[in-house]
Amino acid sequence: MAIRMHIPRNDADWQAYYQFRWQQLRAPWQQPLGSERDELEHQSHHRMLMDGDRLIGVARLHQLDDGKAQVRYMAVDPAYQGQQLGARLLTELEQQALALGCSQVVLNARDTALGFYQRLGYSMQQEAASQFGIAHYRMQRYLRLPGSAEDWQLRCQQLQQNWHQQIPLSRFMQLEIVTFDGTELCCQAPLEPNINLHGTMFAGSLYSLATLTGWGLLHLQLQALSIQADLVLADGHIRYLKPMQQTPQARCSMLSAKGDLSVLNQGRHASQRIKVELLSADKVVALFEGHYKALLPRRAQ
């Protein structure tokens with residue numbers, strides 16, 4: 001049976017939910033029943049992962065008053081760890097945060113979990129209060145990049161010009177940026193200059209459209225964070241599902257961008273994995289995942 005996401009709704013759900021939170025997050029440190037709850041439970045958004053009738057993961061999100069939302073009480077059954085279930089819970093809550101109009105998600109991570117959150121796009125901000133003698137750190141992730149609609153329009157115009165000037169293929173493809181609202185980037189290229197002998201879009205053009213769309217999202221992130229880096233595609237995989245027959249578009253969002261870019265400020269190269277959907281008349285016809293590297297610029301000799 002497939003593992004499914006569930007929202008607690010009845011007394012049995014809530015009893016199992018809080019019991020699991022206590023068992024995973026409080027009982028190992030000899031904390032009493034009730035310590036797994038706080039005063040924000042009724043104004044929060046709760047999620048449960050179920051394997052059949054078995055509860056195997058929980059997490060909670062509550063909205064702050066400064067355009068942020070906070071994740072707390074996230075736990076996965078040790079028998080199910082290593083299956084990306086924590087990432088699945090986190091993505092579910094990030095989607096909820098976006099629906100609430102939040103631009104950032106914050107959380108306090110144990111020192112042993114820093115790598116997990118950094119791989120998912122969270123950057124470490126500062127030390128947080130320790131709990132049960134365990135060091136914690138405040139982490140955050142942008143779901144919508146800072147900037148106004150005018151800022152993004154100008155930056156997208158500059159990005160498209162740079163593509164056409166520095167990457168001739170993009171000019172021949174007639175690739176252009178359609179929209180960017182701080183969270184989702186959409187690009188397109190007309191079918192005619194990218195057509196194959198079957199009257200559909202050439203597979204190489206599809207790959208290039210997806211690659212540059214993901215590259216563009218990474219570029220826009222670095223601009224918003226005022227970080228200079230050279231961007232390259234380290235690896236990319238695409239699945240062609242159906243022929244691209246009309247209105248070729250590619251889109252990707254901040255939710256799909258996984259990897260901490262702030263390490264560039266620490267003198268280290270960074271990487272991100274970005275998923276891109278390719279659409280024909282609003283129907284997904286291919287899926288691309290790119291592994292991009294953001295490399296520190298070489299110092300002038």
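Count residues from 1 along the sequence.
Ring geometry for His219 against Trp215 counts as parallel: the plane angle stays under 30°, on a 0 to 90° scale with 60° as the upper cut.
Remark: side-chain polar atoms of Gln81 are paired, donor with acceptor, to backbone N or O of Val76 under 3.5 angstrom. Distance alone, capped at 3.5 Å, is enough to place a donor-acceptor pair between the Asp181 side chain and the Glu184 backbone. A distance-only check finds no donor-acceptor pair linking the side chain of Thr91 to the backbone of Arg88 [under 3.5 Å]. In terms of modelled atom types and a separation under 3.5 Å, the side chain of Asn194 and the main chain of Met201 share no donor-acceptor contact. Remark: side-chain polar atoms of Gln30 are paired, donor with acceptor, to backbone N or O of Pro28 under 3.5 angstrom. Proximity of a side-chain donor or acceptor of Ser148 to a complementary backbone N or O of Asp151 within less than 3.5 Å is detected. A donor-acceptor contact shorter than 3.5 Å links the side chain of Asn196 to the backbone of Gly199. A donor-acceptor pair is defined here as one N or O able to donate and one able to accept, closer than 3.5 Å; such a pair exists between the side chain of Ser170 and the backbone of Trp163. Of the possible polar contacts, none joining the Thr200 side chain to the Gln245 backbone as a donor-acceptor pair under 3.5 Å is found. No side-chain donor-acceptor contact under 3.5 Å links His237 to the backbone of Leu287.
Residues Leu98 and Met139 fall within the same hydrophobic cluster, defined by Ile, Leu, Val, Met, Phe, Trp and Tyr side chains chained together at heavy-atom separations under 4.5 Å. By the criterion of side-chain heavy atoms lying less than 4.5 angstrom apart, applied directly or through intervening Ile, Leu, Val, Met, Phe, Trp or Tyr residues, Val71 is grouped together with Leu85 in one hydrophobic cluster. Taken together through direct or relayed side-chain contacts under 4.5 Å among Ile, Leu, Val, Met, Phe, Trp and Tyr, Leu33 and Trp29 form parts of separate hydrophobic clusters. Residue Leu231 is grouped with residue Leu217 when hydrophobic side chains (ILVMFWY) are merged at heavy-atom distances under 4.5 angstrom, including chains of intermediate members. Under the 4.5 Å side-chain heavy-atom criterion for grouping Ile, Leu, Val, Met, Phe, Trp and Tyr, Leu143 is not connected to Leu220 through any hydrophobic cluster.
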Would you please test Lys242 and Val284 for side chain to side chain contact (heavy atoms under 4.5 Å, CB included) and show each step? CA-CA 8 Å; Lys242 298 178 182 179; Val284 176; over 6 Å; no
Quick one, Gln157 with Gln153, criterion side chain to side chain contact (heavy atoms under 4.5 Å, CB included). Give me CA distance, side-chain angles, the key distance, then yes/no. CA-CA 6 Å; Gln157 288 173 351; Gln153 183 178 13; 3.8 Å; yes
Worked verdict on Leu264 versus Leu222 for side chain to side chain contact (heavy atoms under 4.5 Å, CB included): CA-CA 10 Å; Leu264 288 159; Leu222 291 172; 3.7 Å; yes
Hey, mind stepping through Phe20 and Asp77 against side chain to side chain contact (heavy atoms under 4.5 Å, CB included) and telling me if it holds? CA-CA 9 Å; Phe20 185 91; Asp77 187 326; 4.2 Å; yes
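Among all heavy-atom pairs drawn from Val105 and Ala97, the shortest one is CG2-CB, 3.8 Å. Taking both residues in full, the closest heavy atoms of Gln125 and Ser123 are given as NE2-OG, 2.9 Å, listed atom of the first, atom of the second, then distance. Heavy-atom minimum distance, Pro297 versus Asp230: CA-OD2, 3.6 Å. Heavy atoms only, all atoms of each residue included: Pro190 and Pro193 are closest at O-CD, 3.4 Å. Between Leu233 and Gly290, the shortest heavy-atom distance links the atoms CD1-CA, 3.9 Å. Contact detail for Val106 and Leu64: the closest heavy-atom pair is CG2-CD1, 4.0 Å.
Within a 6.0 Å radius of CD in Gln83, other residues, nucleotides and ligands contribute more than 12 heavy atoms. Surrounding CD of Gln228 are at most 12 heavy atoms belonging to other residues, nucleotides or ligands under 6.0 Å away. Counting heavy atoms of neighbouring residues, nucleotides and ligands inside a 6.0 Å radius, atom CG of Asn10 exceeds 12 of them. Remark: Gln158 CD is packed, more than 12 non-hydrogen atoms of other residues, nucleotides or ligands lying under 6.0 Å away. Around CG of Asp282, the count of heavy atoms belonging to other residues, nucleotides or ligands within 6.0 Å does not exceed 12. A 6.0 Å sphere centred on CZ of Phe202 holds no more than 12 heavy atoms belonging to other residues, nucleotides or ligands.
Proximity of Arg273 to Glu289: side-chain heavy atoms (C-beta onward) are separated by under 4.5 Å at one or more points. Looking at Asp260 and Tyr122, their side chains never come closer than 4.5 Å, going by heavy atoms from C-beta outward. Cys187 has its side chain within reach of Leu209: a pair of non-hydrogen atoms, C-beta onward, lies under 4.5 Å apart. Between Glu150 and Leu154 there is no side-chain heavy-atom pair separated by less than 4.5 Å. Between Ile274 and Tyr292, the closest side-chain pair of non-hydrogen atoms falls below 4.5 Å. Counting only heavy atoms from C-beta outward, the side chains of Asp38 and Arg72 approach each other to under 4.5 Å. A heavy-atom distance below 4.5 Å is not found between the side chains of Phe288 and Thr213. Side chains of Leu159 and Phe180 form no contact here, defined as non-hydrogen atoms less than 4.5 Å apart.
Under the side-chain hydrogen bond (donor to acceptor under 3.5 Å, both in side chains) rule, Arg60 has a single partner from Glu41, His46, Gln70, His45, which is Glu41. Across Arg144, Arg141, Lys68, a single residue satisfies salt bridge (Lys or Arg N to Asp or Glu O under 4.0 Å) together with Glu94, and that is Arg141. Each of Lys293, Lys258, His291, Gln221 was compared with Gln272 under the side-chain hydrogen bond (donor to acceptor under 3.5 Å, both in side chains) criterion, and only Gln221 meets it.
Between Asp235 atom CG and Ser271 atom OG the span is 11.5 Å, to the nearest 0.5 Å. One distance of note links CZ of Phe132 with OG of Ser35; it measures 6.0 Å at 0.5 Å rounding. Note that CZ of Phe172 is 12.5 Å distant from OG of Ser208, once rounded to the nearest 0.5 Å. The distance from atom CH2 of Trp152 to atom CD1 of Ile177, rounded to the nearest 0.5 Å, is 11.0 Å. Interatomic distance, Leu169 CG to Thr211 OG1, rounded to the nearest 0.5 Å: 10.0 Å. Considering NE2 of His136 and CG of Leu114, their distance stands at 10.0 Å, rounded to 0.5 Å.
Taking the six-membered ring for Trp and the full ring otherwise, the centers of Tyr18 and Trp14 sit less than 6.0 Å from each other.
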